[in-house]
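Sequential numbering from 1 along the given sequence is applied to the chain's residues. In this text the structure is predicted, and so the values were computed from the model without any measurement.
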Amino acid sequence: MCRTLAAFPTNCLERAKEFKTRLGIFLHKSELGSGTGSVGKFEWDSKHSKEGNFSEDVLGWRESFDLLLSSKNGVAAFHAFLKTEFSEENLEFWLACEEFRKLRSATKLASRAHRIFEEFICSEAPKEVNIDHETRELTRTNLQTPTAMCFDVAQGKTRTLMEKDSYPRFLKSPAYRDLAAEAAAASASASPSEPSHT
């Protein structure tokens, strides 16, 4: 059954508009700062793009999910999109696992592992991710002797789910398509034009 825009909650539509506005502001700020090498208060960073070139960064996001996740800007934009769909928990879990993997203290590792489990994995968790029962139980078992890899299986499954489900919708979203069109136009105007033949 097709739903009209009037059927959506007002706050959902407002969040979608806010997402589009924020991405436009991000692009505008990066263009303003490109001449000085600075982009104001935003710290754009991607190992796959040139210094502060947000347009290339935006266009790279459609190349692969890995490029999107390796870009701070891409993660921020994808997170904003997921919030409009009320499904940001998978990305937040993935990010929590990335941070968790960097911990070196056994004490911090154990306490953080239990917090992540309580927040994302256990049944009725406040931000419960969509994983199967076997993965949930394997993760619970891994917590008995937590290591940096105890969430690897669950993290891999949520990543696959995002890549196959949310990521394609993000790329098809009007907000991303508008932003990509603006980025393509900005890249085209920044590159030297070819001499015209008369």
**Q** Suppose we screen for side chain to side chain contact (heavy atoms under 4.5 Å, CB included). Which residues come up paired with Thr135, at least two apart in sequence or across chains?
**A** Ile131, Asp132, Thr139, Val153, Ala154, Lys157
**Q** Please, which pairs that meet ring pair (Phe, Tyr, Trp, His ring centres under 6.0 Å) have at least one residue in residues 125-149, sequence neighbours excluded?
**A** none
**Q** Can you check whether Val58's main-chain N or O pairs, donor with acceptor, with Tyr176's side chain at less than 3.5 Å?
**A** yes
**Q** Which residues pass the side chain to side chain contact (heavy atoms under 4.5 Å, CB included) test with Glu89, sequence neighbours left out?
**A** Ser87, Lys127, Val129
**Q** Just jot down the side-chain hydrogen bond (donor to acceptor under 3.5 Å, both in side chains) partners of Glu63, sequence neighbours excluded, or say none.
**A** none
**Q** Considering only NZ, NE, NH1 and NH2 on the basic side and carboxylate oxygens on the acidic side, decide whether Glu182 and Arg177 come within less than 4.0 Å.
**A** no
**Q** Output all residues satisfying side chain to side chain contact (heavy atoms under 4.5 Å, CB included) with Leu143, sequence neighbours left out; order by chain, then residue number.
**A** Ala113, His114, Phe117, Cys150, Phe151
**Q** Going by salt bridge (charged side-chain N to carboxylate O under 4.0 Å, His left out), name the residues that satisfy it together with Arg159, two or more places apart in sequence or in a different chain.
**A** Asp66, Glu163
**Q** Looking at CG of Leu82 and CE of Met162, how far apart are the two atoms once the value is rounded to the nearest 0.5 Å?
**A** 7.5 Å
**Q** Who else is in Leu59's hydrophobic cluster (ILVMFWY, side-chain heavy atoms under 4.5 Å, direct or via others)?
**A** none
**Q** Pair Glu128, Ile121 - check side chain to side chain contact (heavy atoms under 4.5 Å, CB included), show working.
**A** CA-CA 6 Å; Glu128 187 177 353; Ile121 304 290; over 6 Å; no
**Q** Which distance, rounded to the nearest 0.5 Å, do you find between the OH of Tyr167 and the OG of Ser64?
**A** 5.5 Å
**Q** Only counting residues at least two apart or in another chain, list the ones meeting salt bridge (charged side-chain N to carboxylate O under 4.0 Å, His left out) with Arg169.
**A** Glu85, Asp165
**Q** At what distance, to the nearest 0.5 angstrom, does OG of Ser166 lie from CZ of Phe65?
**A** 7.5 Å
**Q** What is the distance from atom OG of Ser123 to atom CZ of Arg136, rounded to the nearest 0.5 Å?
**A** 5.0 Å
**Q** Between atom OG1 of Thr141 and atom CD of Gln144, what is the distance when rounded to the nearest 0.5 Å?
**A** 5.5 Å
**Q** Taking the side chain as every heavy atom from C-beta outward, state whether Leu68 and Phe170 have any pair of such atoms under 4.5 Å apart.
**A** yes
**Q** Would you check if Phe120 and Pro126 make a side-chain contact, meaning some heavy-atom pair closer than 4.5 Å?
**A** no
**Q** May I have the list of side-chain donor-acceptor pairs in residues 93-101 shorter than 3.5 Å, sequence neighbours left out?
**A**
from, atom 1, to, atom 2, distance (Å)
Glu98, OE2, Arg101, NH1, 2.8
Glu98, OE2, Gln155, NE2, 2.8
Glu99, OE2, Lys102, NZ, 3.2
Arg101, NH2, Asp152, OD1, 2.8
Arg101, NH2, Gln155, OE1, 2.5

**Q** Minimum heavy-atom separation for Asn90 to Leu161, with atom names?
**A** ND2-CD2, 3.5 Å
**Q** Heavy atoms only: give me the nearest Ala110-Pro146 pair and the separation to one decimal.
**A** CA-CG, 3.8 Å
**Q** To the nearest 0.5 Å, how far apart are CZ in Arg62 and CG in Leu171?
**A** 8.5 Å
**Q** Under the rule for side chain to side chain contact (heavy atoms under 4.5 Å, CB included), what residues qualify as partners of Ser111, not counting sequence neighbours?
**A** Arg115
